[in-house]
Asks: 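Below are the structure tokens for one structure; questions will follow.
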Amino acid sequence: ETGIFVNFTNNSVVRNNNIMNVGLFSGSANESSVWFYGVKNISVYGNNISNNDWGVIAESSSNISVYNNRFYNDSLIGIYMTQPTDQINITDNYINLTQMGININNVGAFDLMAANIVRNNISNISIGIALTTFRGNVSSNKVINASSESLTGTAGARVNDTRFENNLF
């Protein structure tokens with residue numbers, strides 16, 4: 001079950017939606033609020049995404065902007081980019097009460113995923129930001145009350161001006 005599924009398309013916008021109660025908690029990636037597969041030039045902004053398994057997932061996609069969204073009480077991951085997704089901008093999002101805030105995961109691919117993760121507020125989660133085979137910038141984010149890790153797996157990342165408060169290291 002997916003709230004919005006965008007498959008093999010270009011130049012799309014997902015904005016100003018209230019997406020809630022999609023999928024069963026602890027389900028699979030296909031039980032997500034917004035799922036992109038094989039897309040190019042996508043903007044996701046102004047959405048309220050709550051009480052879902054997954055927030056926004058992009059897989060095998062490029063040129064994705066996720067900004068000014070509110071993620072609340074999504075059981076697994078707020079924003080997840082994988083296999084390989086490139087040219088990612090994740091900015092000015094609020095992520096609260098999610099197992100993992102942002103996950104950039106390119107396991108198994110040879111190229112590093114390019115991403116900028118800037119000015120996000122992530123709180124009351126287990127892991128704040130997880131990066132695997134990543135190149136880009138992580139700056140001016142707030143990660144507050146992470147019970148496990150604030151930032152993990154920084155291969156190739158530049159982390160600047162990012163505040164980590166009340167976290168368990």
Asks: Can you see which heavy atom on G55 is nearest to which on S33, and at what distance?
Replies: O-CB, 3.2 Å
Asks: Cut-off 3.5 Å, side chains only: do N145 and N124 have a donor facing an acceptor?
Replies: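 Yes - a donor-acceptor pair under 3.5 Å links their side chains.
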Asks: Any donor-acceptor pair under 3.5 Å linking the side chain of S61 with the backbone of V39?
Replies: yes
Asks: What's the separation between atom OG in S123 and atom CD1 in I95, rounded to the nearest 0.5 Å?
Replies: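 Those atoms lie 9.0 Å apart.
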Asks: Calculate, to the nearest 0.5 Å, the distance between atoms CD1 and CD1 belonging to I90 and I129 respectively.
Replies: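 Rounded to the nearest 0.5 Å, the CD1-CD1 separation comes to 8.5 Å.
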Asks: Between N93 and I102, is any pair of side-chain heavy atoms under 4.5 Å apart?
Replies: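 N93 does not reach I102 side chain to side chain.
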Asks: Would you say I64 and V56 make side-chain contact, with heavy atoms under 4.5 Å?
Replies: no
Asks: If we ignore hydrogens and angles and just use 3.5 Å, is the side chain of S62 paired with the main-chain N or O of Q87 as donor and acceptor?
Replies: no
Asks: CG of N121 to CG of N96: how many Å apart, nearest 0.5 Å?
Replies: 10.0 Å
Asks: Would F71 and V118 show up in the same hydrophobic cluster when neighbours are defined by side-chain heavy atoms closer than 4.5 Å?
Replies: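 Cluster IDs for F71 and V118 differ.
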Asks: Taking atom OG of S140 and atom CD1 of I117, what is their separation to the nearest 0.5 Å?
Replies: 12.5 Å
Asks: Show, in sequence, the C-alpha distance, side-chain angles and deciding distance for N10 and N41, and conclude whether the side chain to side chain donor-acceptor pair (under 3.5 Å) test is met.
Replies: CA-CA 6 Å; N10 296 327; N41 306 320; 5.4 Å; no
Asks: Working to the nearest 0.5 angstrom, can you tell me the gap between Y45 OH and N17 CG?
Replies: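 Output value for this atom pair is 10.5 Å.
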Asks: Considering only heavy atoms from C-beta outward, does the side chain of M100 approach that of I77 to under 4.5 Å?
Replies: yes
Asks: Could you point out which residue of V22, I19, I42, I79 forms a side-chain contact (heavy atoms from CB on, under 4.5 Å) with V34?
Replies: I19
Asks: Report yes if the side chains of W54 and D74 come closer than 4.5 Å at any heavy-atom pair, otherwise no.
Replies: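 Of all side-chain heavy-atom pairs linking D74 with W54, none is under 4.5 Å.
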Asks: Identify the residue among N47, T91, D92 that makes a side-chain hydrogen bond (donor to acceptor under 3.5 Å, both in side chains) with N69.
Replies: N47
Asks: Which pair of non-hydrogen atoms, one from V143 and one from G128, has the smallest distance, and what is that distance?
Replies: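 Reported closest heavy-atom pair: CG1-CA, 3.9 Å.
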Asks: Between atom OH of Y80 and atom CG of N103, what is the distance when rounded to the nearest 0.5 Å?
Replies: 5.5 Å
Asks: Y72 and M20: same hydrophobic cluster, using ILVMFWY side-chain contacts below 4.5 Å?
Replies: no
Asks: Between the side chain of T9 and the main-chain N/O of N7, is any donor-acceptor distance below 3.5 Å?
Replies: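 Side chain of T9 to backbone of N7, a donor-acceptor pair under 3.5 Å: no, none is there.
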Asks: Is there a side-chain contact between N89 and Y67, using heavy atoms and a 4.5 Å cut-off?
Replies: no
Asks: Any donor and acceptor pair, going by atom type alone, linking the side chain of N141 with main-chain N or O of I122 inside 3.5 Å?
Replies: no
Asks: Assigning hydrophobic clusters by single linkage (Ile, Leu, Val, Met, Phe, Trp, Tyr; side-chain heavy-atom cutoff under 4.5 Å), is V13 placed with V66?
Replies: no
Asks: Can you confirm whether E59 sits close enough to W35 that some side-chain heavy atom of one is under 4.5 Å from a side-chain heavy atom of the other?
Replies: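 A side-chain contact under 4.5 Å exists here.
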